[in-house]
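Given the structure is predicted, the values throughout are model-derived calculations rather than measurements.
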Amino acid sequence: MPRPLEPVGQSTRITLGISFFILFFAAWAFATLGGFVSRTFLADPITMMQDGWLLLTRFGFLGDIGVTVWRVVGGFILAAIIAVPIGILMGAYKSFEAFLEPFVSFARYLPASAFVPLLILWAGIGEMQKLLVIFIGSVFQIILMVAVAVGNTRRDLVEAAYTLGSKDQGVVKRVLIPANAPEIAEILRLVLGWAWTYVIVAELIGSSSGIGHMIIDSQALLATGQMIFGIIIIGIIGLISDFLFKALNRSLFPWRLA
Amino acid sequence: MTNAILQIDNVSRVFPGVRGGAPVRALEPTSLRVEQNDFITILGPSGCGKSTLLRIVAGLDRPSGGRVLLNGREIKGPGADRGMVFQSYTLFPWLTIAENIAYGLREKGVPKSERRDIVASYTEKVGLRGFENHYPKQLSGGMQQRTAIARALANDPAILLLDEPFGALDNQTRGLMQELLLGIWERERKTVLFVTHDIEEAIFLASRVIVMTARPGRIKADISVELPHPRHYTMKTTPEFSSLKAQLTEEIRHEAIEADVAR
Ligand SMILES: Nc1ncnc2c1ncn2[C@@H]1O[C@H](COP(=O)(O)OP(=O)(O)OP(=O)(O)O)[C@@H](O)[C@H]1O
Ligand SMILES: [Mg+2]
């Protein structure tokens with residue numbers, strides 16, 4: 001019997017993780033191939049794979065994937081470049097926080113997807129509009145979370161820095177930022193995950209390329225296999241980016257694990 | 001009146017009441033003169049304002065009244081001229097041991113090669129050779145506090161402030177650390193202000209022991225310790241040491257009872 005908080009070994013962990021995927025696909029195959037669910041509504045895994053192969057080889061789906069990835073990464077990087085410094089300043093300087101925090105907290109709850117029609121009016125249906133959806137969806141979240149992280153920096157570390165001769169700027173640059181860098185990286189990883197949901201919404205409306213556009217096209221053809229393939233691809237890309245982010249964080253911040 | 005390096009003039013501290021409660025008088029007006037090369041230990045029961053006094057000297061807290069002069073100049077805020085070692089472990093976790101010790105030097109803009117030499121010498125003095133590239137997490141509590149002492153000393157402060165730096169260590173380690181600190185002081189003749197609630201520690205290290213009263217804190221006794229240097233841990237069993245200990249125990253006991261009644 002497993003006991004609370006008892007760690008499991010690396011190989012057990014991987015085996016268990018994979019076995020749920022197998023279980024999931026088995027249940028899906030059973031429901032569809034066994035004839036319990038109409039194929040009009042839910043394609044079986046085999047059809048899904050065939051449709052997916054067709055998409056990749058015949059319909060240039062790789063291009064759609066590339067476009068979507070670029071939109072997410074582009075909008076996200078834009079948001080991060082602006083939000084991280086603002087968040088750090090808000091965490092460090094309380095007056096700046098008092099100035100911006102109420103607005104950012106409010107803006108955070110504006111749903112990015114609701115901006116899509118408005119953004120089409122403002123920016124047309126080009127790439128700019130897609131990037132802006134991601135940007136709006138991410139920027140306020142990052143600002144707020146980074147500000148909280150920086151604001152919670154251990155006071156005694158800051159005091160130690162002052163007694164060692166740091167000035168205010170030195171404290172921000174050489175204490176607040178390095179102390180919170182791993183947490184900021186973790187915040188970015190989290191928000192990048194959310195950015196994926198916004199891009200699809202942006203692509204469902206007024207778009208001629210991207211994974212979301214393919215899904216909408218497939219809906220018209222009742223090609224559920226293709227739609228599911230698209231959704232699964234998003235999941236896989238998310239998994240990969242998450243993994244890369246984690247690996248990067250581990251190598252950037254060895255002191256965290258030391 | 002000659003070479004007082006630190007002069008505490010009627011310093012008091014009142015903390016505002018919490019949630020409409022009565023304000024807390026943590027420190028009654030307190031005066032103290034610290035001479036060059038003094039090793040002063042401040043002894044007092046828990047909550048008597050020892051940390052408060054030390055933080056005011058460090059510039060991390062402002063006095064409600066009075067002032068502190070360092071080399072004749074009033075203290076307005078924290079600075080590199082007063083090195084501080086805290087009771088909690090305050091090494092920067094993202095820096096290695098060597099980088100931690102070098103922190104103050106870097107802030108001062110000391111060139112790299114010089115920095116390396118100073119760091120090497122202090123790593124040696126606190127017995128951490130071979131751990132330069134470890135992160136604080138990889139070190140024991142005693143080693144972390146030794147690093148913290150080295151980090152403060154590397155900055156060459158005019159005065160070293162220590163707030164129960166060995167409070168969280170076991171007895172053996174604590175004894176070793178006391179000898180290490182005393183050895184450094186005997187060699188380098190630093191001026192030290194050391195807060196503790198351990199009577200033996202207070203006597204063993206000090207050239208002067210300041211006893212504080214229970215809250216609100218006030219200086220009750222100022223006892224100079226004439227034991228010869230260099231001191232060795234065996235000194236703790238000599239009659240002179242024991243009689244000092246008996247005297248201080250009596251002073252402190254009274255205060256602890258008062259503090260208990262007040263609570
Ligand atoms: N920031 C604060 N706000 C309100 N009251 C405080 C604050 N800091 C300290 N005090 C009060 O001041 C008094 C003295 O605190 P201080 O930390 O100086 O005691 P101490 O002598 O260092 O005790 P210990 O030996 O337990 O560390 C305490 O009664 C405490 O409640
Ligand atoms: Mg204290």
Separation between CG (B/Leu95) and CH2 (A/Trp255), nearest 0.5 Å, reads 9.0 Å
Between B/Leu91 and chain A, which part of the residue has a heavy atom less than 4.5 Å away: side chain, backbone, both or neither? backbone
What do you reckon, is CZ of B/Arg208 surrounded by more than 12 foreign heavy atoms closer than 6.0 Å? yes
Side chain, backbone, both or neither: which part of B/Thr90 has an atom under 4.5 Å from a heavy atom of chain A? both
When only pairs under 4.5 Å are counted, which of A/Gly165, A/Pro178, A/Ala181, A/Pro182 shares the most heavy-atom pairs with chain B? A/Pro178
Are B/Pro93 and A/Leu157 side-chain neighbours, meaning at least one heavy-atom pair lies under 4.5 Å? yes
Is it the case that more than 12 heavy atoms not belonging to B/Arg187 sit under 6.0 Å from its CZ atom? yes
For the atom pair CZ (B/Arg55) and CD (A/Glu159), what is the distance rounded to the nearest 0.5 Å? 4.0 Å
Note: B/Ala152 and A/Leu164 closest approach over all heavy atoms is CA-CD2, 4.4 Å
Report the distance from atom CG of A/Asn180 to atom CH2 of B/Trp94, rounding to the nearest 0.5 Å. 8.0 Å
Looking at A/Gln169, I want to see if its CD is surrounded by more than 12 non-hydrogen atoms of other residues, nucleotides or ligands under 6.0 Å. no
Mark yes when over 12 heavy atoms from residues, nucleotides or ligands other than A/Phe96 sit less than 6.0 Å from its CZ; otherwise mark no. yes
For residues A/Arg154 and B/Tyr89, report the shortest heavy-atom separation together with the two atoms involved. NH2-O, 2.6 Å
Nearest 0.5 Å, please: how far is CG in A/Asp156 from CE in B/Met84? 10.5 Å
Strictly less than 4.5 Å between heavy atoms, which residues of residues 97-118 of chain B line up against chain A? Please order them by number. B/Tyr103, B/Gly104, B/Arg106, B/Glu107
